[in-house]
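Here is the structure we will look at.
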There are 2 protein chains.
Amino acid sequence: MAHPQEDTLIARQITPTPMRLLVLEVLQRHPAALSLADVELLLGHADRITVHRTLKTFTEKGLVHRIEDGSGAVKFALCEPGCTPEHHQDLHAHFFCTRCRETSCLPTVAVPIIALPGAYQVQETSLVMKGLCENCASAG
Amino acid sequence: MAHPQEDTLIARQITPTPMRLLVLEVLQRHPAALSLADVELLLGHADRITVHRTLKTFTEKGLVHRIEDGSGAVKFALCEPGCTPEHHQDLHAHFFCTRCRETSCLPTVAVPIIALPGAYQVQETSLVMKGLCENCASAG
DNA sequence: CGGACGATGCAATGCTATTGCATTGTTTCA
DNA sequence: TGAAACAATGCAATAGCATTGCATCGTCCG
Ligand SMILES: [Mn+2]
Ligand SMILES: [Mn+2]
Ligand SMILES: [Zn+2]
Ligand SMILES: [Zn+2]
């Protein structure tokens with residue numbers, strides 16, 4: 001067993017490959033949510049498209065979730081262990097810092113369940129807050 | 001007084017021009033939030049960049065608000081009369097239909113005020129729900 | 001009239017996401 | 001074992017949205 005990450009991938013029915021292990025490591029190592037460009041940069045010399053498809057596979061298998069924070073680029077973050085592509089356990093809010101442009105998960109802030117008037121059928125709810133993150137707020 | 005919309009623009013300190021009156025009319029006529037491409041299409045032969053700058057001006061003056069619904073394109077919708085660029089009165093949720101790709105304001109659904117742990121400074125909160133709109137849900 | 005300023009429109013560019021296709025590598029099975 | 005089948009990769013190309021540069025036009029003053 002070379003990498004402990006292999007089990008993580010296999011558990012989600014993702015064939016482990018060197019590239020996928022590298023992307024997973026980067027996601028595990030960084031606390032903030034990462035965009036495609038972020039991952040590409042952190043990996044050094046990785047092909048952008050392969051990383052893109054890796055993240056797409058991870059999303060489809062329930063290993064990561066997508067965060068649309070309005071920054072223009074979709075961010076990705078690891079899911080909780082219990083998540084599946086259909087039923088995510090980690091339905092939490094996200095925070096986008098307008099100063100350092102970092103996006104972070106707020107695992108303690110649950111997305112509220114809201115009853116809509118009329119015949120709306122809600123499939124997904126996203127709650128994004130913008131402002132200054134803890135670092136930037138204290139840095140002035 | 002040629003157009004009744006002129007007063008609306010003047011009240012927001014926006015110089016009325018033919019293009020701006022046309023864009024405002026389109027926004028008033030359509031209940032759903034509109035993207036830049038939507039407005040361009042509805043206007044017929046309008047220059048995309050001019051419409052873009054018109055919407056930017058409208059946003060800066062507090063006449064419309066931006067909606068980032070994750071569709072890839074930013075949507076725009078008219079604000080309530082009391083809104084200013086700094087203090088929006090209409091802090092409501094939005095709904096994006098995954099079938100017809102229309103985005104609508106939910107004026108009756110207020111964005112919840114959420115206290116964040118730590119030193120976060122929230123400037124703005126966005127609550128977007130995805131699913132089937134009333135039309136698409138009843139159409140099956 | 002002539003300058004100042006704002007609005008407009010065309011061209012060009014940047015950035016993100018996505019697809020096509022050839023190649024490589026690995027698994028499967030006769 | 002060897003060939004077919006399949007998945008993953010990487011380069012090229014494309015699409016779509018947003019934004020900037022710059023020249024032009026029009027209007028408002030002085
Ligand atoms: Mn998250
Ligand atoms: Mn709205
Ligand atoms: Zn920050
Ligand atoms: Zn719909």
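A quick note: this is a predicted structure, and the numbers were derived from the prediction, not measured.
A straight line from CG of B:D47 to C1' of D:dT19 spans 13 Å, rounded to a whole angstrom. Rounding to whole angstrom units, CZ of residue A:R20 and P of C:dT26 are separated by 13 Å. Counting to the nearest Å, the P atom of D:dC11 and the CD atom of A:E40 are 11 Å from each other. Atoms CZ (A:R66) and P (C:dA17) sit 8 Å apart, rounded to a whole Å. The distance between atom CG of A:L22 and atom C1' of D:dA8, rounded to the nearest whole Å, is 14 Å. Spacing between atom NE2 of B:H52 and atom P of C:dC10 amounts to 17 Å, rounded to whole angstrom units. Atom CG in B:L55 sits about 13 Å away from atom C1' in D:dC17, given to the nearest Å. The CD1 atom of A:I10 sits 17 Å away from the P atom of D:dA7 (whole-angstrom rounding).
Contact of B:R53 with C:dG6 (side chain to base): no donor-acceptor pair of N or O atoms is detected under 3.5 Å.
With the nearest nucleotide of DNA chain C identified for both B:I49 and B:P18, B:P18 has the one nearer the 5' end.
Closest approach to the A:A73 side chain among C:dT19, C:dT16, D:dT19 is made by C:dT16 (side chain taken as heavy atoms from C-beta onward). When the nucleotides C:dG9, D:dT20, D:dT9 are ranked by their closest atom to the side chain of B:K56, D:dT20 comes out on top.
Residue B:T17 is classed as a sugar-phosphate contact, given heavy-atom separations below 4.0 Å to backbone atoms only.
Aromatic ring centres of A:F95 and B:Y120: separated by under 6.0 Å.
Counting heavy-atom neighbours within 6.0 Å of A:R12 CZ, excluding the residue itself, gives a total above 12. For A:R101, the CZ atom sits in a loose shell: 12 or fewer heavy atoms of surrounding residues, nucleotides or ligands are nearer than 6.0 Å.
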What do the steps show when you test B:L106 against B:H94 for side-chain contact (heavy atoms from CB on, under 4.5 Å), and what is the final call?
-> CA-CA 5 Å; B:L106 300 173; B:H94 294 95; 5.8 Å; no

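Salt-bridge formation is not detected for the pair B:E25/B:R20: no Lys NZ or Arg NE/NH1/NH2 atom is positioned less than 4.0 Å from an Asp or Glu carboxylate oxygen.
Between B:T15 and C:dG6 there is no side-chain polar atom (N or O) within less than 4.0 angstrom of OP1 or OP2.
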